[in-house]
Amino acid sequence: MDSRPNGSSESESLPVVNVNARFQSSDADVKFRSSDNVDFHIHKRNLEFATGGFPPSNTPSSLDEIVRLSESSTTLEILFQFVYPQRHPSLDKLGFDEVLRVAEAAEKYEVFAALTATHLMLREFLHSHSKQVLQFACIHRAALLVERLAPIMIDIPLSDIKGILMMCPSYFVEWSLFREQYLQLAIALAQSRPQHRCEHFNIFTRVVLNKLDKPSNLMMPNLENLFNIRSIGLENLQVCCATESRKWYFNVRERVAKIPSFTLEMADNQ
């Protein structure tokens with residue numbers, strides 16, 4: 001006995017499939033279907049020239065057969081625009097999650113132009129989504145993104161991001177060494193502070209040393225602010241104290257300048 005409700009048909013249980021308006025060329029030879037049942041008619045020749053992971057060797061060259069993809073139609077519509085010789089889409093108005101989805105798809109299918117565009121766009125989220133970008137960069141060995149993140153995330157304890165960095169052990173080693181240089185410098189500064197004996201200067205040095213628990217305070221422009229007398233509420237230092245503070249600042253700045261910039265040029269080849 002048919003258990004379907006009256007008036008229903010077998011066709012009604014099938015998902016509705018739409019064709020993307022931008023990619024519906026009649027002379028296309030590959031049909032991709034998104035996870036939300038939108039079809040994309042793509043020219044196989046463009047895929048061969050513009051990508052490294054598209055199409056698989058067994059991809060059918062016929063619109064009668066369908067290649068199903070796990071990405072949504074929104075992601076694929078952006079991604080496929082990068083395989084044609086045209087002005088590429090702007091990613092400026094996309095939110096972080098949308099950019100990340102396109103970036104993951106670009107990595108998965110090796111869509112070279114999209115790789116460049118999404119990596120550049122992810123730089124806009126280095127401060128707001130540091131850990132997510134770091135995880136993406138470590139998974140896909142995007143060294144340039146990791147290099148930009150290291151100074152931004154230097155205050156985060158290694159224990160908090162070890163799991164991410166260990167996806168690429170060579171990155172973990174270089175990151176650890178980079179951070180350690182600033183921690184060691186902070187210890188050295190605490191042990192060799194100027195011996196100027198004015199009362200106000202002692203207050204000034206305590207304020208400075210208390211802020212050295214964050215390695216980022218030894219980086220510009222934080223370092224300049226750290227030694228700015230007005231910024232810490234001590235505007236009435238005597239001339240001798242002001243002179244000593246500037247000497248101390250220039251000495252610290254010189255030592256900081258000797259710390260090499262964070263780079264993964266060698267680590268990325270390991």
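Given the structure is predicted, the values throughout are model-derived calculations rather than measurements.
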How about [X]: does its [atom1] atom have over 12 heavy atoms from other parts shown lying under 6.0 Å from it?
| X | atom1 | result |
| --- | --- | --- |
| Phe49 | CZ | no |
| Gln86 | CD | yes |
| Arg45 | CZ | no |

Spatial distance of atom [atom1] ([X]) from atom [atom2] ([Y]) [nearest 0.5 Å]:
| X | Y | atom1 | atom2 | answer |
| --- | --- | --- | --- | --- |
| Ile164 | Gln135 | CD1 | CD | 5.0 Å |
| Ile152 | His127 | CD1 | NE2 | 3.5 Å |
| Ile156 | Arg179 | CD1 | CZ | 9.0 Å |
| His196 | Thr205 | NE2 | OG1 | 10.5 Å |
| Cys138 | Lys131 | SG | NZ | 13.0 Å |
| Gln132 | Leu122 | CD | CG | 10.5 Å |

Hey, do the aromatic rings of [X] and [Y] have their centres closer than 6.0 Å?
| X | Y | answer |
| --- | --- | --- |
| Phe32 | Phe40 | no |
| Phe23 | His41 | no |
| Phe178 | Tyr182 | yes |
| Phe136 | His119 | yes |

Quick one: sort the His43 and Tyr84 rings into parallel, tilted or perpendicular, breaks at 30° and 60°. perpendicular
Fit a plane to each ring of Phe125 and His129, take the angle between them on a 0 to 90° scale, and name the class: parallel (under 30°), tilted (30 to 60°) or perpendicular (over 60°). perpendicular
Is any side-chain heavy atom of [X] closer than 4.5 Å to a side-chain heavy atom of [Y]?
| X | Y | value |
| --- | --- | --- |
| Leu134 | Leu165 | yes |
| Leu223 | Val256 | yes |
| Phe204 | Cys241 | no |
| Pro260 | Gln181 | yes |
| Leu226 | Leu212 | yes |
| Gln81 | Arg22 | yes |
| Cys240 | Cys198 | yes |
| Tyr109 | Leu47 | no |

Are any side-chain N or O atoms of [X] and backbone N or O atoms of [Y], one a donor and one an acceptor, separated by less than 3.5 Å?
| X | Y | result |
| --- | --- | --- |
| Asn217 | Lys211 | yes |
| Glu147 | Leu264 | yes |
| Asn222 | Leu218 | no |
| Thr75 | Glu71 | no |
| Glu110 | Lys108 | no |
| Glu124 | Met121 | no |
| Arg33 | Val38 | no |
| Asp29 | Lys44 | yes |

Examine Arg101 relative to Phe96 and say whether NZ or CZ is less than 6.0 Å from the centre of the six-membered ring and inside a 45° cone about the ring axis. no
Look at the side-chain heavy atoms of Ile, Leu, Val, Met, Phe, Trp and Tyr, link any pair under 4.5 Å apart, and say whether [X] and [Y] land in one connected group.
| X | Y | result |
| --- | --- | --- |
| Met166 | Tyr171 | yes |
| Met219 | Leu149 | yes |
| Leu185 | Leu177 | no |
| Leu158 | Val146 | yes |
| Phe172 | Met167 | no |

Given side-chain contact (heavy atoms from CB on, under 4.5 Å), test Asn37 with Asn18 step by step and report yes or no. CA-CA 7 Å; Asn37 294 308; Asn18 297 309; over 6 Å; no
Would you say Ser72 and Asp36 are linked by a side-chain donor-acceptor pair, where the criterion is simply a distance under 3.5 Å? no
Going through the checks in order, is the side-chain contact (heavy atoms from CB on, under 4.5 Å) test met by Leu209 and Arg193? CA-CA 9 Å; Leu209 294 176; Arg193 62 179 182 174; 3.6 Å; yes
Given the options Phe80, Phe82, Phe112, His88 meets ring pair (Phe, Tyr, Trp, His ring centres under 6.0 Å) only with Phe82
Would you name the heavy atoms of Lys31 and Glu65 that are closest together and state the gap between them? CB-O, 3.7 Å
Closest non-hydrogen contact found for Ala137 with Leu145 is CB-CB, 3.9 Å
Decide side-chain contact (heavy atoms from CB on, under 4.5 Å) for Arg255 and Val252; before the verdict, give the C-alpha distance in whole Å, the side-chain angles of both, and the deciding distance to 0.1 Å. CA-CA 5 Å; Arg255 297 176 71 171; Val252 173; 5.8 Å; no
Apply side-chain hydrogen bond (donor to acceptor under 3.5 Å, both in side chains) to Gln184 and Glu180, showing your working. CA-CA 6 Å; Gln184 290 297 326; Glu180 182 67 14; 2.6 Å; yes
Stepwise, does the side-chain contact (heavy atoms from CB on, under 4.5 Å) test hold for Trp175 with Met153? CA-CA 10 Å; Trp175 186 293; Met153 301 179 70; 3.7 Å; yes
